[in-house]
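First the structure, in the form of structure tokens, and then the observations on it.
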Amino acid sequence: MVEPRKATPLLETLLAAAAGAAMVLALGAIFLFVPTDRVQGVVQRIFYFHVPLAIVTFVAFGFTAVASALYLWRNDPKWDRRAYASAELGVLYCTLVLVTGPIWAKPIWGTWWTWDARLTTTLILWLIYIAYLMLRNLTTDPEQGARFAAILGVVGALDIPIINRSVYWWRTIHPAVLVTREGGTGLTDPRMQLTLLVAFVALLVLFLWLLKLRSSQAELEAQIGAVERALLSSA
Amino acid sequence: MWELVKKDILLEWRTREILPALLLTGVLSLVILSFSFEPGLPSRREAAPGAFWVALWVAAVYGFGRAFVAEQHNDVWQGLLLSPLDRGALYLAKTISTFVHLLIADVVLVALFVLFFDVPLALHCWPWLLSTLLASVGLAALGTLFSAIAIRTRAREVMLPLLLVPLVVPLFLGGVEVTRRSLAGQPLGSAEAWLHLMGAFDVAAVVVGWVLFEYVVED
């Protein structure tokens with residue numbers, strides 16, 4: 001009934017190794033290789049983590065939405081576990097985006113936070129998926145919780161473009177409090193572009209590895225639950 | 001379906017369970033908010049749109065929290081699910097009756113708001129009233145979907161606002177912007193786009209709720 005699981009699947013090992021290697025490379029590039037930004041100084045280096053983290057956040061929540069829709073459609077718990085794992089990691093990445101952003105913003109903008117369209121969208125995104133995680137924890141029936149969460153996963157994804165549009169208008173109707181909109185004048189130095197790419201790959205592979213790990217962990221949990229129930233009913 | 005709407009409204013008329021609570025919480029928030037702004041100062045006028053929308057929000061959340069309470073007793077819900085009715089129709093019926101409740105609250109809140117905040121109610125206020133109407137449709141649509149979910153979680157009172165607030169941000173941003181311009185007597189101008197956005201949000205919310213409700217009640 002329950003297949004024994006191999007010690008560690010090859011894919012997981014490969015992803016772990018790739019994530020580790022890419023992360024070392026990325027850190028080396030950020031701290032040793034890439035030149036310091038002439039205008040912003042050392043603090044600009046956080047950008048090489050901040051931006052990839054933000055992109056992977058969108059990847060994660062996008063994947064959650066797709067997996068949620070597939071779960072509702074196919075009713076296969078496999079997709080639910082993937083959606084859940086991806087949402088958890090998305091919240092983690094999104095939190096890091098919201099932490100690294102203000103660290104950069106304080107010296108550059110002179111304030112930790114401003115209600116800029118991107119910042120607002122990210123914050124609302126974070127709130128939606130915090131609610132997603134809470135919803136899963138607060139349902140009594142796990143299958144029901146999975147369905148409810150999947151509904152939120154789909155509605156949230158559909159809502160995000162509208163939210164983004166609305167906060168964008170909201171800010172453009174108002175006068176901008178801070179003049180600076182984006183980090184610097186674009187990355188002209190090829191070394192900066194390379195560093196950004198390496199950091200992006202590192203954080204993406206790390207995400208994929210953790211996603212795989214968390215999904216298989218959830219699968220094991222489900223198997224243990226099944227064995228437990230079988231034992232209880234036979235006893 | 002209309003029978004269900006009629007049932008909900010008749011039930012409310014006879015028991016008066018949801019509306020008074022919904023109205024009172026709305027009124028109370030309006031009073032509290034009214035206290036926090038010194039009369040006669042310009043800040044009061046500037047804060048007025050915000051106060052109105054906070055009060056509307058509080059009233060709405062209390063109303064939604066009660067929306068499915070009647071069905072929870074005596075297995076009414078099971079009965080409805082067993083009846084040869086489309087799940088989508090069940091959803092639409094509930095959304096309409098929730099919307100009607102909200103509409104009554106809107107009328108009362110608008111009246112009190114005019115009174116408390118000394119708003120000159122004139123013809124140029126129509127965008128404000130329209131935005132209230134549009135927000136109520138969207139709120140009823142998503143509120144019905146998510147209160148059916150929240151009522152079956154452990155922390156139901158907390159869960160509903162937690163789920164709903166981030167999702168309906170566009171309605172409130174739009175509502176506050178339109179209200180601000182409208183009350184100041186400014187031409188609508190770029191705020192007209194907000195009304196379109198709110199309308200689009202409503203259509204999307206109703207369609208999504210109608211499609212997904214099936215998965216909420218499936219057992």
Side-chain angles (χ1 to χ4, degrees), chain A residues 61 65 68-75 80 91 94 115 117 120-174, chain B residues 138 141-142 145-178 180-181 186 188-205 207-209 211-219:
Chain A
F61 291 148
S68 296
L70 280 171
Y71 173 68
L72 288 180
W73 182 35
R74 296 271 179 80
N75 205 14
D80 169 55
V91 168
C94 197
W115 294 99
T120 315
T121 310
T122 314
L123 181 66
I124 293 168
L125 202 60
W126 188 79
L127 287 170
I128 291 177
Y129 285 91
I130 288 283
Y132 176 98
L133 297 184
M134 285 203 64
L135 186 59
R136 305 209 60 135
N137 284 331
L138 287 173
T139 39
T140 31
D141 171 8
E143 205 224 324
Q144 201 177 49
R147 232 170 34 232
F148 289 172
I151 291 170
L152 182 59
V154 172
V155 177
L158 294 174
D159 206 1
I160 284 163
I162 308 185
I163 292 174
N164 189 44
R165 193 90 291 260
S166 68
V167 291
Y168 185 71
W169 279 350
W170 178 53
R171 263 307 125 188
T172 41
I173 284 172
H174 278 263
Chain B
L142 283 186
L145 180 68
F146 283 103
S147 73
I149 287 180
I151 203 158
R152 286 191 271 168
T153 60
R154 260 176 282 146
R156 53 173 83 151
E157 293 85 3
V158 191
M159 210 55 225
L160 182 62
L162 216 62
L163 293 168
L164 211 51
V165 175
L167 294 174
V168 296
V169 160
L171 292 180
F172 281 92
L173 285 180
V176 172
E177 288 298 333
V178 172
R180 191 195 314 280
R181 279 167 177 269
Q186 287 170 5
L188 207 48
S190 55
E192 201 190 321
W194 280 112
L195 292 173
H196 292 299
L197 182 98
M198 292 172 84
F201 185 97
D202 289 352
V203 173
V207 171
V208 164
V211 171
L212 290 180
F213 192 67
E214 188 187 328
Y215 299 105
V216 178
V217 293
E218 166 189 301
D219 268 312

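Numbered from 1 within each chain, the chains take letters A, B, ... in sequence-line order.
- Between A:Ile124 and B:Pro166 the shortest heavy-atom distance is CG2-O, 3.5 Å.
- Of all the heavy atoms in A:Thr139 and B:Arg152, the pair that sits closest is CG2-O, 4.5 Å.
- In this structure, chain A has a heavy atom under 4.5 Å from the side chain of B:Leu173, while its backbone stays farther away.
- Using a 4.5 Å heavy-atom cutoff, the side chains of A:Val154 and B:Val208 are not in contact.
- The minimum heavy-atom distance linking B:Tyr215 with A:Leu72 is given by the pair CE2-O, 3.4 Å.
- Annotation: the span from A:Arg136 atom CZ to B:Thr153 atom OG1 amounts to 13.5 Å, rounded to 0.5 Å.
- Looking at B:Leu145, only its side chain comes within 4.5 Å of chain A, counting heavy atoms on both sides.
- Contact count versus chain A (heavy atoms, under 4.5 Å) is highest, among B:Val168, B:Val176, B:Leu163, for B:Leu163.
- Interface remark: A:Leu135 contributes backbone and side-chain atoms alike to the contact with chain B (heavy atom separation under 4.5 Å).
- When side chains are defined from C-beta on, A:Ile151 counts as touching B:Val216, because their heavy atoms get closer than 4.5 Å.
- The contact list for residues 155-163 of chain A toward chain B, using heavy atoms and a distance under 4.5 Å, reads A:Val155, A:Gly156, A:Leu158, A:Asp159, A:Ile162, A:Ile163 by residue number.
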